[in-house]
Amino acid sequence: MFRYIVKRIIGVIPTLILVVTFVFLFVRMIPGDPARLVAGEQATQEDVEIIREELGLNESLPTQYVNYVKGLFKGDLGTSLRTKRPVLTEVSNRYANTVRLTLLSLAWSSVVGILLGVWSGRHRSRWQDYTGMTLAVSGISLPTFWIGFMLIIVFSVNLKWFPTTGADGLANLVLPAFTLGTSVAAVVARFTRSSMIEVLKEDYIRTARAKGLKEKTIVWGHAFRNSMISVVTVIGLQFGYLLGGSVVTESVFAFPGLGSLLIESVNYRDYPAIQSLILIFSLHFIVINLLVDILYAVLNPEIQLS
């Protein structure tokens, strides 16, 4: 197991290098001059050049890249052009909100998705199956922003049950979490259904039924446990999707998280903040993929760990 973990960690290093390089180059392809934005519309060209020199934008791309990487090793993500504060401070102020929103979304979507998938897989090609998969397809097909707006209209404007903005308490998380987790619940349900159908075809399931075991015992005591090995992998990957996919949801609900911070930074051409946020989202995926691979190896002893 130790050798397997070391190999997986070493395999992540080239991916990290590519991600850092891609993020650095991609941000500089965004139209607009950040020095002009910082200086203001009334600033002279000389003022703009002075600011560009202060920001290091007058240097060559290789030099900017080397300085960027050096800063990363020192834990320095730069200074925000928009707020004039360290990017690390800006991220820290909002990171906890996004994590809370993501965890709540993942929790309800995993439970609902698994239950719906088991229900559909257990009643394959019957009305329960058709109903469950119709709900799942609807959850995947409906745009996230549309779901958010509909929830705001119904539960905030008409019923006045939940607030529409902010992150002060649990009530502020309900609607954004439901919006963000809808597509994840649908994906988990479809994957759980497929996994359950495959497991229910196995010989040991037929043997259990031949012994006269109750269907509930067969489904939850035997089939469910074995089908969860692959479903856990999907749920882990969806966690990374939720962290990165919160941009639209946070914008709809004016939620003070990393997603809304990214939108604000793009509008202002805030290079340091954009670089840092995209890099953070990418690192989430890389780390979560690594953890999922390790967890899958723990759950499935048939994987060759040597």
Side-chain angles (χ1 to χ4, degrees), residues 75 77 80 82-83 85-115 139 142-152 154-157 159-189 231-266 270 273-274 276-292 295:
L77 299 180
S80 172
R82 183 173 57 89
T83 63
R85 298 198 300 174
V87 175
L88 188 59
T89 301
E90 295 291 327
V91 171
S92 300
N93 291 339
R94 303 203 188 191
Y95 188 82
N97 291 335
T98 295
V99 171
R100 283 197 296 268
L101 175 61
T102 300
L103 290 176
L104 183 59
S105 303
L106 185 68
W108 85 258
S109 60
S110 298
V111 173
V112 172
I114 289 173
L115 293 177
L142 294 176
T144 300
F145 67 88
W146 184 86
I147 296 174
F149 285 136
M150 290 300 102
L151 291 176
I152 290 175
V154 174
F155 294 101
S156 295
V157 177
L159 298 177
K160 303 185 184 304
W161 287 358
F162 301 103
T164 58
T165 61
D168 298 326
L170 182 60
N172 298 85
L173 293 172
V174 173
L175 296 185
F178 187 86
T179 302
L180 185 60
T182 299
S183 60
V184 174
V187 171
V188 172
V231 173
V232 165
T233 304
V234 174
I235 293 176
L237 297 178
Q238 291 302 309
F239 181 58
Y241 161 77
L242 288 173
L243 283 169
S246 61
V247 176
V248 175
T249 301
E250 291 184 7
S251 298
V252 170
F253 291 93
F255 188 84
L258 296 184
S260 58
L261 179 60
L262 178 60
I263 296 295
E264 296 167 7
S265 302
V266 170
D270 191 346
I274 297 172
S276 302
L277 289 168
I278 297 178
L279 183 61
I280 288 171
F281 288 139
S282 302
L283 288 176
H284 283 147
F285 275 100
I286 293 173
V287 172
I288 290 170
N289 271 286
L290 175 63
L291 295 177
V292 167
L295 179 60

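Everything numeric in this text was worked out from a predicted model, so none of it was measured.
Between the CD1 atom in I147 and the CG atom in L142 there is a gap of 5.0 Å [rounded to 0.5 Å]. Here L283 contributes atom CG and I288 contributes atom CD1; the two are 10.5 Å apart, rounded to the nearest 0.5 Å. Distance check, rounded to the nearest 0.5 Å: CG of L277 to CG of L261 gives 4.5 Å.
Ring geometry for F149 against F145 counts as perpendicular: the plane angle is over 60°, on a 0 to 90° scale with 30° as the lower cut.
The shortest distance between side-chain heavy atoms of T179 and W146 does not fall below 4.5 Å. Annotation: side chain of E250 is in contact with side chain of L101 (closest heavy-atom distance under 4.5 Å). Residues S105 and V184 have side chains not in contact (no heavy-atom distance under 4.5 Å, counting atoms from C-beta outward). No side-chain heavy atom of V174 sits less than 4.5 Å from a side-chain heavy atom of W161. Counting only heavy atoms from C-beta outward, the side chains of F255 and N97 approach each other to under 4.5 Å. Within the 4.5 Å cutoff, the side chain of V188 has heavy atoms near those of the I114 side chain. Residues T144 and L180 form no side-chain contact, since every pair of their non-hydrogen atoms from C-beta on lies 4.5 Å or further apart.
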Could you tabulate the donor-acceptor pairs under 3.5 Å formed by side-chain atoms of residues 87-94, not counting sequence neighbours?
unit_1 : atom_1 : unit_2 : atom_2 : d
E90    : OE2    : T83    : OG1    : 2.9
E90    : OE2    : R85    : NE     : 2.8
E90    : OE2    : R85    : NH2    : 2.9
S92    : OG     : L88    : O      : 2.7
N93    : ND2    : T89    : O      : 3.2
R94    : NH1    : S260   : OG     : 3.0
R94    : NH2    : E264   : OE1    : 3.1

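Between the side chain of S156 and the backbone N or O of F162 there is at least one donor-acceptor pair closer than 3.5 Å.
For the residue pair I235 and S110, the shortest heavy atom distance occurs at CG2-OG, 3.5 Å. The two residues I274 and S265 come nearest to each other via the heavy atoms CD1-O, 3.5 Å. Contact detail for T98 and G259: the closest heavy-atom pair is OG1-N, 4.4 Å. Nearest heavy-atom pair across F253 and L175 is CE2-CB, 3.5 Å.
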Practice task
Check the pair L104 / F178 against side-chain contact (heavy atoms from CB on, under 4.5 Å), numbers first and verdict last.
Solution key: CA-CA 9 Å; L104 183 59; F178 187 86; over 6 Å; no

